[in-house]
Each structure stands twice: as C-alpha cells, then as structure tokens.
Amino acid sequence: MRDRHGWARRLTVLCAGLLLALLGTAAPASAHAALRGTDPADGTVLRSAPRQVTLTFTESVGLLTDSFRVYDPRNHRVRTGEADHVPGRSDTARVTLPARLGTGTYTLAWRVVSADSHPVSGALTFSVGRRTATAALAPERTEDPATTTLYNIARYVAYLAAALLLGTAAFVAYCRPRERDRLRRPALAAGWALATATAALFLLRAPYEEGTGPASALGLSALARTAATRPGELLLARLLLLAVAGACALSARRWRTAVPRRAVLTAAAVLAVALSLTWAAAEHASAGLQVPVAIASATLHLLAMAAWLGGLTALLLTLRRTAPEAAVPPAAAPTHVATHVVTRFSRLASASVTVLVVTGVYQSWRGLGSWQALTGTPYGRLLLAKLAAVTLLLAVASRSRRWTSRLAEQAPVPLAGRVPQPAGGPPPPPEPEPPAAPRPSPDRLRRSVLAEVAVGVVVLVLTTLLTSTLPGRAAAEAAGSGTAVAGIPAASVTTVPFDVGTAGGHGKVQVTLDPGRVGANSVQAVVYGPDGGLSAVPEVRITLTLADRRIGPLDTRVTDRGGYWAADSFDIPLPGTWTMKVTVRVSEVDQVTVSKTVRVVR
C-alpha cells in the first residue's frame, strides 16, 4: 500500500510538471482588448498627410515607452511625438506625426496593455497620395518565447497554489479534522509556492509587457515602472497579504489558547477575500460592463473554486493517512476515517458548487454576449470544454458523496456494558436479517476523491486558459465595427448586406477569413436575417477575384455546417485588394450576388 501511494504521488508530480511545461510553451494567449477603429482607417489612401494617428479599443489601455512605431515606404523609422491618450478617453490612444510626410505607404506597428493586464499588439498601413510598394517590414517579435513561457508557468503555479492554500484553510476551519497538523506542511508549501510565483510575476511583468527577454527583468527602471502600474500594485498587495497571513498564522500557533476562534476565522476570511481580489481586479472582471458586480462575482467564483478543489486535496491527504481496510475492523472503520469530516466537506462542496454555478452563469453571459459566440469564438469553445469538465467533475463528486453517506450510515453505536435481560428470561432470538451489502471502505472513498481531484485540476487549467482568451463579447464588438481583432494574427471580418427584393429576403452575411493573410485560410460565413438573428438559407457561395492580376474567381467551396457555412482550408496566393462576391439563395428561385472588397496582406 505504501509503495502504491508513493508511485501515485510521483506520477501526479510528473503529470503536473509536464502539464505546466506544455501550457507554458503554448502559443501566446489571445489579446483581451480589441481594436475598434483607427483614424486614418487601415489601408486608406489620403490626399494629404495626417497630423496624428488615433486608435480606439474596446476597453481602456495602458501605454508603454515605445507603444507606437511608424515606418516609411523604405522601412525607415519615422520620428514621432510621444504617445498619449485622447483627453477623457482611456480607451483611445494617439501619436503625433511629423509635419511633412512623403508620398507612399506607411506602416504603424503598435503595442499597448489592455485593462485586464495583457499586452495587445498589431499593425496597420495608410498611404499618402498613392499606394506604393513598401519594403518588407522585418517581422518583429511581439512576444519573447522565454519570457512568455516563464510568465505563463508562474500564472498557473499561482492559481494552483492559491486553490490549495485557501481550500486547505476552508477545510480546516469548517470540517475540523482532528489531526490538523498533518495539513500544515502542504498549506505551508502552497503559501511559499504562491509567494514565489507572485514575485516571479512581478519581476517578469515589464519584459512581458514590452516583449523583451527575461534578462531585462532585474533593471531598476523596469521594476519601478511595474510598481507604478495597476497589475504591479496588485501583485505587491498579494505579497503583502501573504506576509500578513504568515505572521497571523505564526501568532495564532504561538498563542493558540489566547486567541478566540471567532477572531481567527474572521481574520482568515478577510485575508482570503482580499487575496482573491488581487486576481479579480486584474483580469476580465476589471474591464467591460458592470465592473463592480463582475469583480464581486469573480471573487466569489475563485473562493468557491478554492474551497471545493483545494478542499478536495486536503480531504485526500486526510484520507491517505487512514490505515488500509484490512488493518481496521469494520466496526471501527467509520471512526477511523473521521466520518464527520467527510460529511461536513460534502456540505461545503455542495455550497461551493451552488456558488460556482451562479457566478459561472453570470460570467459566461458577460463574456459571451450572444449564443453565436459560444461556438464561433475561441472563448466560447473553451467555455464549452470547461462545462464538459465540470459536468464530469460533478458526476465523480456525486459518487464520492454516495460513499460518504454510506460510511456515515455504518457508524457504530457504542454500548456501555451488558444489556439487562427481562425477568421472564432471555428474549426470543431475532429473525435472521438478509445479507448486508459490502461495507464501504475508506480506500474506495479515497480513490473516488483522487479521481475528483484529477478532474478538478483540468477544470482549474481550463479556467486559467479562459482568463487568457479574448471574450466573445469583445470579439463581436470588434467584428461589428469592421475592424479585425487585435492580436497575433488578426482575422479579416467582412460584413456584406444583401436583399433579393422579396418580403423578408434581406439581411447580411458575416464572412471571416482567418488569418486573413496570404496562404492557407479558414473561411466562415454566418447569415443573419432581417431581425438580426441567425438565418438558415439553402445555399451560400463565396468567390474571390484579384482583378489587377487577372486571378479568379477562386471558389472558397464553403459547405453547410449546421447553422453556418465554412471551408477548413482556402489558399490565397497573393496580397492585394480582392473582390469578394457572395451569392445568397433564400428559396428555390430567389437569390442575389453582392460584392465587397477585402484587403489581404502577407
């Protein structure tokens, strides 16, 4: 049994390490802010040189020391003024251009920090007088791989450590296990892991925003700049709260008999809420609509998640200390595994699930914005994966609760001495009872809880990935404005209105080319009816033509995918301004073909 637990522990550590390495080296996360519009617009030709370039985003953004870089047609950098915000508009940034710009096409590369602490980057072009062939702009690294890997690993470690720390504290406070000292070591390890990960996040914050290497993390100017930003302030507050929590824990341990239990629980609750706020105030909840309600919901969601998943780990550690069922008499088994502990944790888990469902529904509505975003955006698909994992977790948890109730039912009733017999002699022998079902054992409950912990880790990882993905509402807002989502790479979204001339025969088609560049692209087309809702039509056909090169029409060959039309791979051979023709057939005889230009870049 000891060897089996040792192998299980080593396998768990190995899997966790591989998972963190995989997630840390994954592709950069999608940006959280979306570019709503630019002035001048991307790809436009101006008669005279503009005095400034203005970018408007879906949420407030922070500026870096080198947020805007302008390059002339020969790929030489143009001297510009210092970037700043438009007065009274934290979501709009601008940069002043020189008084005289020559004829030709200019490229603006930009990088800002969204309100939920993630860097956003992209590029646009505008032409003065006429379009010219620009020198190929050297692809600049928008993300340093080493910095991104280290930063992502620190984020995941921080989430896991916070869940274990807060969950263990909730488990000890509510379930009151007799042998609490055995949980002190994992709680202490989680606290140190959280402090170390938070310090790493603070050090890596500046190079993560700038897209530079980890070596620049130790510069005094970089640390001072990080400390002056809202994400940096929240990370420092988290470190301070951890220090206060550690000092309070040492004091409570030293003066255990002198500190009232209610005071200890109140202080722990305040620290837990404040610690959770350092996440909620720095991520999705801090931007968008209903910010105060969203921050409160995100805080409750994190606390409930920690109480459930972290408490599960503490319960597993408690059950692991029990003796194997062969060494424990059946009548003593319930007492040995502390049935009251698992029973109370079952109540705690049920309350946590209720909070998770309520806050999760609200956060999903706030992040998605529409049913279409549930399947049409990466955020929605990740949310579906999380819902599937949570459903599996609830199924495993129900099994654990069944074992818990059966253990509680078999708890023995102690007898004090012999039971006196009646004066008339011994009572008649009792009628034979049917054979009892196999007794539940602590080992079976332990295995069920272990499976629950494993699925819970998957849920936690998916939750962390959701915080690194562009919400569907922001993506829809950017698409509705005709501007590509800010990020790497940006997809091309084109909205084409149509009208066949019959009653109810009008609407629009939203066509997405991803990534909207030369080479292989995926094509998605969604048809909206006159009421703005999804519309099912018998046929949609999309072709592209590049007239000045006499290429096309190229048929994208989109097919009906049950609610939308798509092609997994369509090759665009050359950059330029292509003419997109969309044919929509709404009945057996009624159809219309409409055109719109689409700009494709390298």
Side-chain angles (χ1 to χ4, degrees), residues 159-160 162-164 166-167 169-171 173-175 269 272-273 275-277 279-281 283-286 288-315 342-375 377 379-405 448-449 451-469 471-473:
Y159 266 105
L160 291 171
L164 180 57
L166 297 178
F171 180 82
Y174 184 76
C175 300
V273 172
L275 199 62
S276 300
L277 279 171
W279 274 279
E283 295 181 346
H284 282 317
S286 63
L289 51 84
Q290 301 177 356
V291 170
V293 178
I295 289 180
S297 175
T299 301
L300 291 174
H301 196 83
L302 180 59
L303 289 172
M305 176 272 300
W308 187 13
L309 301 185
L312 270 176
T313 306
L315 177 62
V342 289
T343 302
R344 290 179 69 88
F345 177 74
S346 180
R347 300 170 187 164
L348 177 64
S350 299
S352 299
V353 169
T354 302
V355 175
L356 285 171
V357 169
V358 173
T359 56
V361 168
Y362 169 75
Q363 292 177 8
S364 300
W365 167 81
R366 185 176 182 269
L368 286 173
S370 66
W371 287 108
Q372 292 79 14
L374 192 60
T375 55
T377 63
Y379 183 89
R381 290 188 287 269
L382 265 178
L383 184 60
L384 287 177
K386 179 182 176 181
L387 290 176
V390 169
T391 302
L392 178 60
L393 182 58
L394 290 174
V396 179
S398 66
R399 182 182 179 185
S400 298
R401 283 193 292 273
R402 284 199 301 270
W403 285 115
T404 299
S405 61
S448 180
V449 173
E452 197 172 347
V453 170
V455 181
V457 171
V458 176
V459 173
L460 185 60
V461 170
L462 291 173
T463 301
T464 311
L465 288 174
L466 275 174
T467 65
S468 305
T469 306
R473 187 182 295 271

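Values below: every heavy atom of this structure, side chains too, minus hydrogens, waters and symmetry copies. Just so it is clear, the model here is predicted, and its values are computed rather than measured.
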Extract all donor-acceptor atom pairs below 3.5 Å that involve side chains of residues 291-301 and protein atoms in other chains or at least two apart in sequence.
unit_1, atom_1, unit_2, atom_2, d
Ser297, OG, Gln363, NE2, 3.4
Thr299, OG1, Ile295, O, 2.8
His301, ND1, Thr359, OG1, 2.7

The side-chain contact (heavy atoms from CB on, under 4.5 Å) partner of Leu166 among Val273, Leu309, Leu275 is Leu275

Atom pair CH2 (Trp308) and CZ (Phe171), whose distance is rounded to the nearest 0.5 Å:
16.0 Å

Looking only at heavy atoms, which two atoms of Tyr174 and Arg344 are closest? And how far apart?
O-NE, 2.6 Å

side-chain contact (heavy atoms from CB on, under 4.5 Å) with Ala169: which residues, sequence neighbours excluded?
none

So CG of Leu302 and CG of Leu277: to nearest 0.5 Å the spacing works out to 9.5 Å

If you round to the nearest 0.5 Å, how far is CG of Leu303 from CG of Leu356?
10.0 Å

Taking all non-hydrogen atoms of both residues, which atom of Phe345 and which atom of Ala307 are closest, and how far apart?
CE1-O, 3.9 Å

How many angstroms lie between atom CG of Leu348 and atom CG of Leu315, to the nearest 0.5 angstrom?
10.5 Å

